[in-house]
Amino acid sequence: MRTLALTLTVTLGLTSALQARDSLSFQGPDISGKWFITAFVETEGHTGDSVFPVTFSVLSDTHVWASTTHRTRGFCYDMDVVLEKTSRPGTYTASRGKTHVDVEELPAKDHLVFYCEGPFEAGRFRTAKLLSRNPEVNPEALEAFKKFVQRKGFSLEDVFTPEQTESCKPESD
């Protein structure tokens with residue numbers, strides 16, 4: 001369940017990031033498509049060593065749909081979520097307003113960083129993710145991401161650069 005919540009968090013955050021980019025004159029067709037998580041940090045800890053791309057589709061001026069895949073206990077699950085823009089630029093909600101996401105565009109081309117927080121099991125989670133159109137880690141974007149997470153109170157030792165996995169393959173018995 002913890003891993004499922006983590007994937008939902010990733011999806012929520014990524015969708016929000018793309019919505020924010022839209023408000024920065026990054027047009028609708030450009031925000032749709034595949035994005036990669038090239039680094040992240042979170043309060044709950046990551047339970048795997050790879051991540052899957054997230055695909056975004058603009059549903060309306062105020063809603064974006066995100067889809068990704070998650071592997072838990074050897075099984076693959078499709079994850080979908082819709083984020084809603086708020087009145088504050090770069091801020092989005094999901095889960096009936098319980099999950100909050102702030103987005104920043106980075107100086108490195110085609111890179112975004114987002115911060116997401118919300119309820120998680122008996123407490124709250126916080127996570128920051130670096131998104132890129134390219135699965136390779138951009139050093140300039142990673143450095144900006146590290147500065148961002150330090151400002152948010154995360155330890156640099158907890159920043160994780162995951163293996164990029166194109167598709168989910170269930171584990172065999």
For residues 135-144, which side-chain N or O atoms pair as donor and acceptor with protein atoms under 3.5 Å away, sequence neighbours left out?
residue, atom, partner, partner atom, Å
Asn138, OD1, Glu140, N, 2.8
Asn138, OD1, Ala141, N, 2.9

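In this structure, NZ in Lys147 is found 11.0 Å from CG in Leu156, a value given to the nearest 0.5 Å. The distance from the CG atom of Asp158 to the CD atom of Glu42 is 9.5 Å, given to the nearest 0.5 Å. Atom-to-atom distance recorded for Leu83:CG and Leu59:CG is 10.0 Å, nearest 0.5 angstrom. Summarising the geometry, atom CG belonging to Leu130 is positioned 8.5 Å from atom OG1 belonging to Thr161; distances are rounded to the nearest 0.5 Å. Summarising the geometry, atom CZ belonging to Phe125 is positioned 8.0 Å from atom OG1 belonging to Thr43; distances are rounded to the nearest 0.5 Å. Atom CG of Leu112 is separated from atom CG of Leu106 by 7.0 Å, given to the nearest 0.5 angstrom.
Residues that satisfy the side chain to side chain contact (heavy atoms under 4.5 Å, CB included) test with Cys168, not counting sequence neighbours, are Phe52, Thr69, Arg71, Cys76. Applying the side chain to side chain contact (heavy atoms under 4.5 Å, CB included) criterion to Arg88, with sequence neighbours excluded, gives Thr86, Thr91, His100, Asp102. In this structure, Ser87 has no side chain to side chain contact (heavy atoms under 4.5 Å, CB included) partners at least two apart in sequence or on a different chain. Qualifying side chain to side chain contact (heavy atoms under 4.5 Å, CB included) partners for Lys98, counting only residues two or more places apart in sequence or in other chains: Ser95, Pro119. Applying the side chain to side chain donor-acceptor pair (under 3.5 Å) test to Thr38 and every residue at least two apart in sequence or in another chain returns nothing. Among residues two or more places apart in sequence or in another chain, the salt bridge (Lys or Arg N to Asp or Glu O under 4.0 Å) test is passed with Arg96 by none.
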**OP:** Show the numbers, then the answer: is there a salt bridge (Lys or Arg N to Asp or Glu O under 4.0 Å) between Glu104 and Arg151?
**Re:** CA-CA 13 Å; Glu104 284 187 24; Arg151 285 194 315 267; 3.6 Å; yes
Subject >> Intermediate values then yes/no, side-chain contact (heavy atoms from CB on, under 4.5 Å), Phe160 and Val41 >> reply: CA-CA 6 Å; Phe160 183 72; Val41 63; over 6 Å; no
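Looking only at distances, no side-chain donor or acceptor of Glu166 sits under 3.5 Å from a matching main-chain atom of Pro53. Side-chain atoms of Arg126 never come within 3.5 Å of backbone atoms of Phe154 as a donor-acceptor pair (strictly under, hydrogens ignored).
Contact annotation: the side chain of Val159 approaches that of Phe145 to within less than 4.5 Å [non-hydrogen atoms, C-beta and beyond].
If you run side-chain contact (heavy atoms from CB on, under 4.5 Å) between Lys129 and each of Trp35, Tyr115, Phe40, only Phe40 comes through.
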